[in-house]
S.K.: 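My structure is below; once you've seen it, I'll send some questions.
For the single chain, residues carry numbers from 1 onward in sequence order. Nothing here was measured: the structure is a model prediction, and the numbers come from that model.
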Amino acid sequence: MAQLIDGKKISAEIKDELKKQVSELKADGKEITLAVIQVGNDPASSVYVGNKKKACEYIGIKSLAYELPEETTEEKLLSIIEELNNRDDVNGILVQLPLPSHINEDKVIETIDSKKDVDGFNPMSVGALSIGKKGFVSCTPAGIIQLLKRSNIEIEGKECVVVGRSNIVGKPMAMLLLRENGTVTVAHSRTKNLKEVTKRADILVAAVGKPKFITADYVKEGAVVIDVGIHRNENNKLCGDVDFESVEPKASAITPVPGGVGPMTIAMLMYNCVNGCQGE
Ligand code: NDP
């Protein structure tokens, strides 16, 4: 039976470590503040924003909530970001995506000061990651590295295959695995003979965005399988990009959905807020 990589437990450990770190910073008179901006009231975004605020509360991070109406202009949003960029008391700025279609997301992301870019989406942060400099790292892939490390799974020298090349998951995931000295292959929708490629993996990361896409015949015996996907199946139950039932018996370790990668994203967002503040 595969080792179950418990994201719920590991994310709780990280949040508890951060809580301690924040209380020590508070004792030194330093407060950490995260500004969270939401434009419009998309229900899924409201749930994510609510969860982020709850995590801040638990850890002791002050959160500033900007709940802006759907019709907010791009100019207005950019001016709020500029103001937050200039505020010494604000450590992190997060703009919940997606934004309404009249606002240019790239422009918004580029306006966030790279020293406050806790989501790690700014081109400066992405560039820093690719040339091995310090900077904020996109939270989901950073969380996956923590899952592997804290489960004592070695990355160095391993064949790592990432299926998916999005800017927020696949690409930064590949860069991070490379930074950990993995031998990395990135597969995508134009990859030929995908099963042959994925079967080379000692560590297989599925960020395909298709429910139960990775079945047992994509997986080498004994591989570590990380499932980034989140979907609702026909019975409204959560499932991932990996067909857990068929893959689990073949894997040496695997993340469940829910309770695997999902909870790590917010934990790493909190990590970025706290450690960015310390000048990492
Ligand atoms: P995207 O849709 O942006 O990217 C999907 C990637 O998968 C693309 O690079 C695409 O290739 C590739 N792909 C699609 N179909 C195939 C195929 N048949 N064979 C090989 N590759 C394929 O998704 P994201 O990266 O944003 O997210 C991936 C999944 O992770 C989603 O299920 C999402 O909900 C989930 N997610 C979960 C998070 C969490 O906190 N747990 C956070 C973020 C995302 P191409 O580039 O060629 O089109």
Side-chain angles (χ1 to χ4, degrees), residues 11-12 14-15 18-19 22 25-26 30-126 136-140 142-143 166-169 230-232 236 238 258 261-277:
S11 65
I14 292 174
K15 283 195 263 185
L18 292 171
K19 190 176 176 157
V22 166
L25 286 169
K26 271 195 184 150
K30 290 185 202 141
E31 179 153 64
I32 294 170
T33 302
L34 172 66
V36 182
I37 305 174
Q38 185 182 359
V39 185
N41 45 17
D42 170 62
S45 291
S46 300
V47 171
Y48 290 133
V49 166
N51 288 339
K52 287 168 190 173
K53 283 188 206 152
K54 260 192 239 159
C56 282
E57 238 167 75
Y58 179 76
I59 291 165
I61 296 174
K62 185 173 164 191
S63 64
L64 299 178
Y66 288 78
E67 281 151 18
L68 308 176
E70 179 86 21
E71 59 277 9
T72 304
T73 61
E74 183 178 295
E75 199 187 357
K76 172 75 183 161
L77 177 58
L78 295 181
S79 80
I80 292 172
I81 296 171
E82 295 284 9
E83 188 189 310
L84 293 167
N85 281 344
N86 292 325
R87 270 177 64 169
D88 289 341
D89 63 323
V90 172
N91 307 95
I93 303 170
L94 181 145
V95 179
Q96 185 64 43
L97 303 178
L99 288 166
S101 56
H102 65 276
I103 299 178
N104 181 336
E105 267 182 20
D106 287 344
K107 212 164 164 187
V108 169
I109 291 169
E110 282 164 27
T111 303
I112 297 171
D113 185 337
S114 61
K115 289 187 212 73
K116 300 188 179 187
D117 175 35
V118 283
D119 256 338
F121 295 162
N122 183 300
M124 290 291 285
S125 310
V126 178
F136 287 109
V137 178
S138 180
C139 301
T140 303
S166 71
N167 288 338
I168 59 164
V169 187
I230 312 177
H231 313 276
R232 291 223 172 253
N236 207 31
L238 288 176
V261 173
M264 295 301 289
T265 302
I266 288 188
M268 295 316 288
L269 174 70
M270 298 295 115
Y271 178 92
N272 280 351
C273 287
V274 177
N275 290 288
C277 161

S.K.: CZ of F136 to NZ of K115: how many Å apart, nearest 0.5 Å?
M.R.: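 So the gap between those two atoms works out to 10.5 Å.
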S.K.: Judged by atom type as modelled, is there a donor-acceptor pair below 3.5 Å linking the side chain of D119 to the main-chain atoms of F121?
M.R.: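 Looks like no, no N/O pair under 3.5 Å.
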S.K.: Would you give the length of the straight line joining atom CD1 of I14 to atom NZ of K19, rounded to the nearest 0.5 angstrom?
M.R.: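 These two atoms lie 15.5 Å from each other.
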S.K.: For residues S46 and N41, is any side-chain donor paired with an opposing acceptor at under 3.5 Å?
M.R.: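 Short answer, no.
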S.K.: When you check the gap from the basic side-chain N to the acidic O, do K53 and E67 get nearer than 4.0 Å?
M.R.: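 Yes, this pair counts.
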S.K.: Do P123 and V126 touch side chain to side chain, with heavy atoms closer than 4.5 Å?
M.R.: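 Answer no - side chains too far apart.
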S.K.: Taking T33 for its side chain and D89 for its backbone only, find out whether a donor-acceptor pair lies under 3.5 Å.
M.R.: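 The answer is yes, because a donor-acceptor pair under 3.5 Å joins these two groups.
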S.K.: Go through the steps for Q96 and I37 under the test side chain to side chain contact (heavy atoms under 4.5 Å, CB included), then give the verdict.
M.R.: CA-CA 6 Å; Q96 185 64 43; I37 305 174; over 6 Å; no
S.K.: Return the CG to SG distance between L34 and C56, rounded to the nearest 0.5 Å.
M.R.: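 SG of C56 is found 4.5 Å from CG of L34.
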S.K.: Which heavy atom of C273 sits nearest to which heavy atom of I32, and what is that distance?
M.R.: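 So the two residues come closest at O-CG2, 4.0 Å.
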S.K.: Just by distance, do the side chain of N122 and the backbone of I112 share a donor-acceptor pair under 3.5 Å?
M.R.: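 Side chain of N122 to backbone of I112: a pair is present.
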S.K.: Nearest 0.5 Å please: distance from the CG atom of N91 over to the CD1 atom of I61.
M.R.: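 N91 atom CG to I61 atom CD1 measures 8.5 Å (nearest 0.5 Å).
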S.K.: Do E75 and L78 make a side-chain contact, defined as non-hydrogen atoms from C-beta onward lying under 4.5 Å apart?
M.R.: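 Result no, sub-4.5 Å side-chain heavy-atom pair not found.
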S.K.: Within a strict 4.5 Å, meaning less than it, do heavy atoms of the L18 and Y271 side chains meet?
M.R.: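 Yes; the side chains approach each other to less than 4.5 Å.
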S.K.: If we ignore hydrogens and angles and just use 3.5 Å, is the side chain of N85 paired with the main-chain N or O of T111 as donor and acceptor?
M.R.: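 Present.
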S.K.: Counting only N and O atoms by type, is there a donor-acceptor contact under 3.5 Å from the side chain of T72 to the main-chain atoms of V39?
M.R.: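 Checking the backbone N and O of V39 against the side chain of T72, no donor-acceptor pair under 3.5 Å is found.
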S.K.: Hey, are T140 and T265 close enough side-chain-wise for a donor-acceptor pair under 3.5 Å?
M.R.: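 There is such a pair (donor and acceptor under 3.5 Å, judged by atom type) between the side chains of T265 and T140.
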S.K.: Could you tell me whether the side chain of K52 and the main chain of L269 form a donor-acceptor pair under 3.5 Å?
M.R.: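 Between the backbone of L269 and the side chain of K52 there is no qualifying donor-acceptor contact (under 3.5 Å).
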S.K.: Show, in sequence, the C-alpha distance, side-chain angles and deciding distance for V22 and M270, and conclude whether the side chain to side chain contact (heavy atoms under 4.5 Å, CB included) test is met.
M.R.: CA-CA 10 Å; V22 166; M270 298 295 115; over 6 Å; no
S.K.: How long is the straight-line distance from SG of C139 back to CE of M268, given to the nearest 0.5 Å?
M.R.: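 So the gap between those two atoms works out to 7.5 Å.
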S.K.: Taking E31 for the side chain and K62 for the main chain, is one N or O donor matched with an acceptor at less than 3.5 Å?
M.R.: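 Not confirmed, E31 side chain does not pair with K62 backbone.
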S.K.: Spell out, as yes or no, whether a donor-acceptor pair under 3.5 Å connects the side chain of N86 to the backbone of E82.
M.R.: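 Confirmed, N86 side chain pairs with E82 backbone.
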S.K.: Quick check: closest heavy atoms across Q38 and S45, and the distance to 0.1 Å?
M.R.: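 Minimum heavy-atom separation between Q38 and S45: NE2-CB, 3.6 Å.
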S.K.: Identify the heavy atoms of G40 and E70 that sit nearest to each other, and give their distance.
M.R.: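 Heavy atoms of G40 and E70 come nearest at CA-OE1, 3.4 Å.
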S.K.: Identify the two heavy atoms, one from K26 and one from G60, that lie closest to each other, and give their separation to 0.1 Å.
M.R.: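 What the structure gives for the nearest pair is NZ-O, 3.0 Å.
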S.K.: Measure the spacing between CD1 of I103 and NZ of K76 and express it to the nearest 0.5 Å.
M.R.: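 Spacing of CD1 (I103) from NZ (K76) equals 12.0 Å.
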S.K.: Just do the side chain to side chain contact (heavy atoms under 4.5 Å, CB included) check on I80 and L68 with the steps written out, would you?
M.R.: CA-CA 11 Å; I80 292 172; L68 308 176; 3.8 Å; yes
S.K.: Of the non-hydrogen atoms in I93 and V90, which two are nearest, and what is the gap between them?
M.R.: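 I93 and V90 have their closest heavy atoms at CG1-CG1, 4.1 Å.
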S.K.: Working note: I81 + D113, criterion side chain to side chain contact (heavy atoms under 4.5 Å, CB included); need CA distance, chi angles, decisive distance, verdict.
M.R.: CA-CA 9 Å; I81 296 171; D113 185 337; over 6 Å; no
S.K.: Compare every heavy atom of S125 with every heavy atom of D117, then report the nearest pair and how far apart it is.
M.R.: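 Of all heavy-atom pairs spanning D117 and S125, the closest is OD2-OG, 2.5 Å.
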S.K.: Mark yes or no for whether K116, through its side chain, and L84, through its backbone, hold a donor-acceptor pair below 3.5 Å.
M.R.: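 Yes, the answer is positive, given that a donor and an acceptor are paired below the 3.5 Å cut-off.
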S.K.: Kindly say whether G276 contributes a backbone atom to a donor-acceptor pair with the side chain of N272 at under 3.5 angstrom?
M.R.: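 Answer holds: no.
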S.K.: Within the 4.5 Å heavy-atom criterion, are H102 and E74 side-chain neighbours or not?
M.R.: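 With C-beta onward as the side chain, the pair stays apart.
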